[in-house]
Amino acid sequence: MPLNNHAQEVLARIEQERKGKRVVFVSGNFNIIHPGHLRLLSFAKDLGDILVIGVLSDSSPSAYIAESLRLEGVRALSIVDHAFLLYDTPSDFILELRPDFVIKGKEHEEAVNPEAAALEKTGGQLLFTSGNVSLSANDLALNIESTLRPIIKPTDFMAHHSFNSDTLDTCLDRMHGLRVCVLGDIIVDEYVTCDPLGMSQEDPTIVVTPVCVDRFLGGAGIVAAHVAGLGADVRLFSVLGHDDVADFARQALHKYDVKPDLQIDITRPTTLKQRFRCFQKTMLRVNHLRQHAISQELIQTFFRRVMSVLDEIDLLVFSDFNYGCLPPQLVNVLTEEARQRNIPVVGDSQSSSQMGDISRFRNTLLLTPTEREARLALHDFESGLVVLASNLIKKTGAKNVVITLGEAGVLIHTADQAETIKTDRLPAMNTTPSDTAGAGDSFYATASLALASGSDIWQASYLGSLAAALQVSRVGNTPLSLAELRSELLNEKYTI
């Protein structure tokens, strides 16, 4: 059967330029262009000289964005040489194109791949990959032209998901007065600002002198503070040591209008993370902590204290830094108690310098892992990002998963009532961050509140991304205010 006229035109152009060059072919829906696509396409481009992309037409069952928009997104990538709408089957087109390589995602390796039969006839190779998962965020991010202002708001995302600034402003109003319970590890971040003196003459050591020391509330404490700053009524349950760091944490929580319910654990110090910084860059971090689980006595105390207020709250937030404050038995029983009361639960489990498992939070409204945290939870270091997020939803029963990607923004994955999975991506809104500490906390707090107030995941992710952009514009993790977020939201000057 002859190919579609459009495909034949593409073939003619490729034949004019291939002459001894290697041709690589990739086909797919490309509903959105996310870092997983960029990794795979970068791998494909490295294999050959001419990269050809067939964007499946709207007849594809998994295509949920108009074919013209999907094609436009692929054509915007500089590494793509030819992109076109594919109305024929990939196998039929491969028979005519005769590519040297056809690339598919690693998740297709165990499936039926009709392309393999076509390649047997043409002599090409079928390869499966998810690309290089160690690519930096700078390699993955789509280029956004710099402006004089660091925060840039993408209005096309709003239009695609049928909301605007007024919609989000109404969402902010609904956040006010929500009753929220936060559980997790309190951390204090200490920033030691230094002047560099040079290199030691005795050994290869950088020598600095401290100039000033600033402390900031962190961990579940700052998550609770963000929630309070956005207008909610917040109770925080956590443990502290018996030390001056604990005194600072109590004072900060009082300052930020968080209602603390804190237990003393004499077996551990209050977690303190010191950052030694020169020229606004962190040179060294020193963690003062112990990571063993809290005692059975403290677990029972936590359970009783949380249960005493559970019927009075609108949202249960787990903010786990894997330092022992949230043992699985406590998480599981409180999640089940909340589920029985139809109280939404959200979960975050950070694994930067420590090990954690985000998948231990089951049947939540929202999970917000980094890519590394998602891969650790699934023991999967090969699949693409969309497959990773989908498998995390399947494993945990989460309604929404947002994988945070640093400078590459966030990948949003949701399952609707018909269990249809949808994906989209938001770029980072701040292209010139001063301090990335706290970006995830501010996103998590804001997006969770938005969902609990009735917004959908697209609106919640937009507000969370805007909150993160504001947070990283300053040094130190300090809570956002509702007025600050609203002011930036309604500023229409810096949009793309």
Side-chain angles (χ1 to χ4, degrees), residues 151 153 158 163-184 186 216-238 252-260 309 312-319 343-348 364-368 400 402 404 410 412 426 429-430 437-474 476-491:
I151 296 177
K153 301 188 289 292
M158 289 188 185
F163 67 90
N164 55 33
S165 296
D166 291 337
T167 312
L168 298 179
D169 191 37
T170 302
C171 174
L172 294 181
D173 288 335
R174 294 198 304 266
M175 289 182 185
H176 191 274
L178 283 177
R179 301 164 300 174
V180 181
C181 180
V182 179
L183 288 83
I186 285 181
F216 301 92
L217 186 65
I222 194 61
V223 171
H226 282 309
V227 171
L230 294 172
D233 181 68
V234 189
R235 298 174 183 268
L236 171 66
F237 294 84
S238 189
L253 291 169
H254 176 74
K255 175 183 176 182
Y256 298 142
D257 294 324
V258 175
K259 299 173 183 176
V309 301
E312 305 167 8
I313 68 171
D314 303 302
L315 176 66
L316 180 61
V317 178
F318 290 115
S319 181
I343 298 169
V345 179
V346 296
D348 186 47
T364 59
L365 180 62
L366 175 66
L367 297 177
T368 60
N400 306 289
V402 177
T404 58
V410 296
I412 308 153
L426 261 174
M429 296 185 189
N430 191 328
D441 298 330
S442 54
F443 179 96
Y444 178 51
T446 307
S448 297
L449 271 185
L451 286 171
S453 70
S455 296
D456 64 29
I457 187 59
W458 317 114
Q459 298 165 15
S461 297
Y462 194 97
L463 285 173
S465 295
L466 184 59
L470 287 167
Q471 178 61 50
V472 301
S473 66
R474 54 202 182 191
N477 201 349
T478 54
L480 298 168
S481 70
L482 190 63
E484 184 181 10
L485 190 57
R486 174 172 276 125
S487 175
E488 187 60 47
L489 171 66
L490 299 179
N491 183 346

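One distance of note links SG of Cys171 with CG of Leu463; it measures 5.0 Å at 0.5 Å rounding. From Leu485, atom CG reaches atom CD of Gln471 across 11.5 Å, with rounding to the nearest 0.5 Å. Interatomic distance, CG of Leu365 versus CG of Leu451, reported as 4.5 Å (0.5 Å rounding). To the nearest 0.5 angstrom, Ser165 atom OG is 6.0 Å from Leu490 atom CG. Going from atom CG of Leu315 over to atom OG of Ser453 covers 10.0 Å, rounded to the nearest 0.5 Å. Once rounded to the nearest 0.5 Å, the distance linking CG of Leu366 with OG of Ser448 reads 5.0 Å.
The shortest non-hydrogen separation linking Asp257 to Ala228 is O-CB, 4.0 Å. Ala232 and Leu449 make their closest contact through CB-CD2, 4.1 Å (heavy atoms, listed as atom of the first residue, atom of the second, distance). Contact record, Ala439 with Ala468: O-CB, 3.6 Å, taken as the closest heavy-atom pair. Taking all atoms of both residues into account, the shortest heavy-atom contact from Tyr462 to Leu168 is CD2-CD1, 3.5 Å. Residue Leu489 comes nearest to Leu172 through the heavy atom pair CD2-CD1, 4.0 Å, listed as atom of the first residue, atom of the second, then distance. Leu230 and Met175 get closest at one heavy-atom pair: O-CB, 4.0 Å.
With Asp441 contributing its side chain and Val223 its backbone, the two residues share no donor-acceptor pair below 3.5 Å. Side-chain N or O atoms of Lys153 include one that pairs as donor or acceptor with a backbone N or O of Glu488 at under 3.5 Å. A donor-acceptor pair is defined here as one N or O able to donate and one able to accept, closer than 3.5 Å; such a pair exists between the side chain of Tyr444 and the backbone of Val346. At least one donor-acceptor pair under 3.5 Å links the side chain of Ser238 to the backbone N or O of Ile186. Ser487 contributes no side-chain N or O that, together with a main-chain N or O of Glu484, makes up a donor-acceptor pair within less than 3.5 Å. The closest donor-acceptor contact from the side chain of Thr446 to the backbone of Phe443 lies at 3.5 Å or more, if one exists at all. The closest donor-acceptor contact from the side chain of His226 to the backbone of Ala445 lies at 3.5 Å or more, if one exists at all.
With a 4.5 Å cut-off on side-chain heavy atoms, Ile151 and Leu466 count as touching. Contact check for Ile412 versus Asn400: no side-chain heavy atoms found under the 4.5 Å cut-off. Between Val402 and Ile457 there is a side-chain heavy-atom pair separated by less than 4.5 Å. The shortest distance between side-chain heavy atoms of Ile222 and Phe216 does not fall below 4.5 Å. Two residues are said to be in side-chain contact when any heavy atoms from C-beta on lie closer than 4.5 Å; Val309 and Arg235 meet this criterion. Put simply, the side chain of Leu470 does not reach to within 4.5 Å of the side chain of Ser442, judged on heavy atoms.
Asn164 and Thr167 share a side-chain donor-acceptor pair at under 3.5 Å.
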**Asked** Do Arg174 and Ser455 pass the side chain to side chain donor-acceptor pair (under 3.5 Å) test, and can you show the C-alpha distance, the side-chain angles, and the key distance before you say yes or no?
**Response** CA-CA 9 Å; Arg174 294 198 304 266; Ser455 296; 2.9 Å; yes
**Message:** With side chain to side chain contact (heavy atoms under 4.5 Å, CB included) as the criterion, how do Leu316 and Leu183 come out once you've worked through the C-alpha distance, each side chain's angles and the decisive distance to 0.1 Å?
**Reply:** CA-CA 8 Å; Leu316 180 61; Leu183 288 83; 3.4 Å; yes
**Asked** Passes side chain to side chain contact (heavy atoms under 4.5 Å, CB included), Val317 versus Cys181? Steps please.
**Response** CA-CA 6 Å; Val317 178; Cys181 180; over 6 Å; no
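Using a cutoff of 4.0 Å between basic side-chain nitrogens and carboxylate oxygens, Glu312 and Lys259 are not scored as salt-bridged. Classification of Asp233 and Arg179 as a salt-bridged pair fails, no side-chain N sitting under 4.0 Å from a carboxylate O.
Every side chain to side chain donor-acceptor pair (under 3.5 Å) that Thr368 has, sequence neighbours left out, goes to Asp348.
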